[in-house]
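For reference, the structure discussed in these notes is given below.
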Protein chains: 2
Amino acid sequence: MKALTVDVICQTLAARIREGAFAASGRLPSERDLSEQFSTTRITLREALGQLESQGMIYRELRRGWFIAPPRLAYDPLLRSHFHAMAEQQGRTAQTCVLDARTVKVSREVAEKLAMREGEEAYRVCRLRHIDNRAVLYVEHYLNPAYFPDLLSFDLTRSLTRLYQQQYNIHYGRVGFTMLPMPLPKFAAPALKVAAGSPALFITRINRDQHDRIIDCDYEYWRYDAMYIAVEAGEEGRTP
Amino acid sequence: MKALTVDVICQTLAARIREGAFAASGRLPSERDLSEQFSTTRITLREALGQLESQGMIYRELRRGWFIAPPRLAYDPLLRSHFHAMAEQQGRTAQTCVLDARTVKVSREVAEKLAMREGEEAYRVCRLRHIDNRAVLYVEHYLNPAYFPDLLSFDLTRSLTRLYQQQYNIHYGRVGFTMLPMPLPKFAAPALKVAAGSPALFITRINRDQHDRIIDCDYEYWRYDAMYIAVEAGEEGRTP
DNA sequence: AAGTGGTCTAGACCACCGG
DNA sequence: CGGTGGTCTAGACCACTTA
């Protein structure tokens, strides 16, 4: 049972990273450098980097290089707290960019989620969210315009939660969500500076208000290594 | 913008699979066969298989080959329904093997979850669960023995939920869970016939009973492509 | 024993990013 | 423009599964 080259590289690099070796720049040496250091091929070296990547220890930006991964953010999809507040509670800094905000005709799929009809108009807000200056989440929000007249005239970099409350007196009620690991689709990849097809977490949520009306839904594409889900359920005790 | 070899292979194979090409055996031809069919290297061919794998279209069993992946199971960690019932509701068949069941001294981590002290004794039940004859979940259950005297004398291939009810008059109450994508640890890999280090979903749950006492916790290691999470939350409306 | 996937070598060219 | 990661070739040996 000889030690595999890949494993040796993984363990060595992991140890160096834990010791804070590349913490200064946050960046690893080039693949060619590393493959020489370990007297191996770039193929093999990349195999090792891939394993560390899948452990969430390092990550890459497309054609830019390899970087030390920051710790994961804890995320509760049942909580509708502001993204920024959530980040700050965990000692992180958040940033939001609005990539696009407009009226669109909803697809069949979105229509189903929002209890609307295919082709009806809804607001769509596409945003990119950063934690500690790293793009971690691309999210498309679909809002039923019946509940949010003139939404596009507001500042959408802010928390939608707060906007709902302050402008429309709408509060979140029940939530449902799905989550599945899937490769990052092409339209979300560039914003996250990630190769299309790399592993990601896809989350959809359907939100209701205090009157149990479906008010919006969203499609969230997370870097798979940027967060973990932590749900604390309330008093349900549903055991069918 | 030339079409990449890998992408061509992916699309071709994906199309063939959708047409039901390998449905009879459920199995793909060997890597050498395929690499010849596509006039390329095994390295490149494996890159393509890896992409299809990450899409959940195919999966591999360690050193055995590549197989067509069945559809994902919908899983709600907040529901404490019986695994078998859940599978059957979705038209699937489930199977459970008990790999190990014994008394152990709990680690600090488990002790914290169960509100016990490190080194105290608890029951640990390790089980392997199959869907449609494919091993998809390795789970370790830790039970506070104060609530479950003589647990080990019962048939543990059955639903623990039902055992709790029938033998101990204990019903599930609140639940909390965490979920994160991580590489499959070495101890869980063999049972799932998967290479250690391949991507997996790691879920932990902490369960309380009708009196809000913590009764058990578990560590679930899922094939990442075997399920997706679908949570329908109750009436909480928690907006901090 | 034959065939499989798992690992590895030693190169190469390309597209893109940054200075 | 040089250096980076992304892709690809044409082999090879090993450990394991399967028959």
Side-chain angles (χ1 to χ4, degrees), chain A residues 1-13 22 25-54 58-68 135 183-184 186 189-199, chain B residues 1-13 22 25-54 58-68 135 183-184 186 189-199:
Chain A
M1 186 71 178
K2 187 181 154 260
L4 300 175
T5 308
V6 168
D7 291 349
V8 172
I9 299 176
C10 281
Q11 285 156 25
T12 310
L13 277 181
F22 314 109
S25 62
R27 181 170 192 150
L28 267 65
S30 79
E31 295 179 357
R32 285 172 178 82
D33 273 6
L34 288 172
S35 61
E36 275 189 30
Q37 283 182 38
F38 290 102
S39 312
T40 185
T41 330
R42 260 184 74 210
I43 299 253
T44 304
L45 188 269
R46 277 170 67 85
E47 178 75 24
L49 291 178
Q51 287 194 20
L52 293 177
E53 180 186 33
S54 76
I58 62 176
Y59 68 99
R60 60 178 125 182
E61 292 188 7
L62 192 60
R63 286 180 195 286
R64 293 214 339 110
W66 294 88
F67 302 85
I68 309 295
L184 199 61
K186 275 193 280 292
L192 294 173
K193 288 187 190 169
V194 161
S198 37
Chain B
M1 187 68 179
K2 186 178 155 263
L4 299 176
T5 309
V6 168
D7 291 349
V8 173
I9 299 176
C10 281
Q11 285 157 25
T12 309
L13 277 181
F22 314 108
S25 62
R27 182 170 192 150
L28 267 65
S30 81
E31 296 180 356
R32 286 173 178 80
D33 273 8
L34 288 171
S35 61
E36 275 189 30
Q37 284 182 36
F38 290 103
S39 312
T40 184
T41 330
R42 260 183 76 210
I43 299 252
T44 304
L45 188 269
R46 277 169 66 86
E47 178 75 24
L49 292 179
Q51 287 195 19
L52 293 177
E53 180 186 32
S54 77
I58 61 177
Y59 70 98
R60 62 178 124 182
E61 293 188 5
L62 192 60
R63 287 182 194 285
R64 292 212 340 110
W66 294 88
F67 303 85
I68 309 295
L184 199 61
K186 275 192 280 293
L192 294 173
K193 290 188 190 170
V194 161
S198 36

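Sequence lines set the chain letters: A, B, ... in the order given, protein chains first and strands last, and positions in each chain run from 1. Side chains included, hydrogens not; waters and symmetry mates left out as well; all remaining heavy atoms used.
When the side-chain nitrogen and oxygen atoms of A/S30 are compared with OP1 and OP2 of D/dT4, one or more of them lie within a distance under 4.0 Å. Note on A/R46: a side-chain N or O is less than 4.0 Å away from OP1 or OP2 of D/dG6. Neither OP1 nor OP2 of C/dG6 sits under 4.0 Å from any side-chain N or O of B/R42. Taking only side-chain nitrogens and oxygens, B/T41 never comes nearer than 4.0 Å to OP1 or OP2 of D/dG11. Residue A/R64 has a polar side-chain atom (N or O) positioned under 4.0 Å from OP1 or OP2 of C/dG18.
Looking at A/S25, its side chain does come within 3.5 Å of a backbone N or O of A/R27 through a donor-acceptor pair. Checked by atom type and distance alone, the side chain of A/T41 never pairs as donor or acceptor with a backbone atom of A/T44 at under 3.5 Å.
One atom, CD of B/E36, and another, P of C/dG3, lie 13 Å apart when rounded to the nearest Å. When the C1' atom of C/dC16 is taken as reference, atom CG of B/L4 falls 14 Å away, rounded to whole Å. Atom CZ of B/R63 is separated from atom C1' of D/dT17 by 9 Å (rounded to the nearest Å). The distance from atom CG of B/L34 to atom P of C/dT4 is 11 Å, rounded to the nearest whole Å. In this entry the distance linking OH of B/Y59 with P of C/dG5 reads 14 Å, nearest Å. When rounded to the nearest whole Å, the span between CG of B/L45 and P of D/dG11 equals 16 Å. When rounded to the nearest whole Å, the span between CZ of A/R60 and P of C/dC16 equals 17 Å. Rounding to whole angstrom units, CD of residue B/E31 and P of C/dT7 are separated by 11 Å.
Nearest-nucleotide assignment on DNA chain C puts the 5′-proximal partner with A/Q51, out of A/Q51 and A/L62. Place B/W66 and A/T44 on DNA chain C by their nearest nucleotides, and B/W66 ends up nearer the 5' end.
Taking the side chain as every heavy atom from C-beta outward, B/L52 and B/W66 never approach each other to under 4.5 Å.
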- Is there a side chain to side chain contact (heavy atoms under 4.5 Å, CB included) between A/R32 and A/L45 once you walk through the steps? CA-CA 9 Å; A/R32 285 172 178 82; A/L45 188 269; over 6 Å; no
- Message: Please determine whether side chain to side chain contact (heavy atoms under 4.5 Å, CB included) holds for the pair A/I58 and A/F22, giving the CA-CA distance in whole Å, both sets of side-chain angles, and the decisive distance to 0.1 Å.
- Response: CA-CA 11 Å; A/I58 62 176; A/F22 314 109; over 6 Å; no
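Residue side chain B/R32 reaches the base of C/dG5 through a donor-acceptor N/O pair under 3.5 Å, judged by distance alone.
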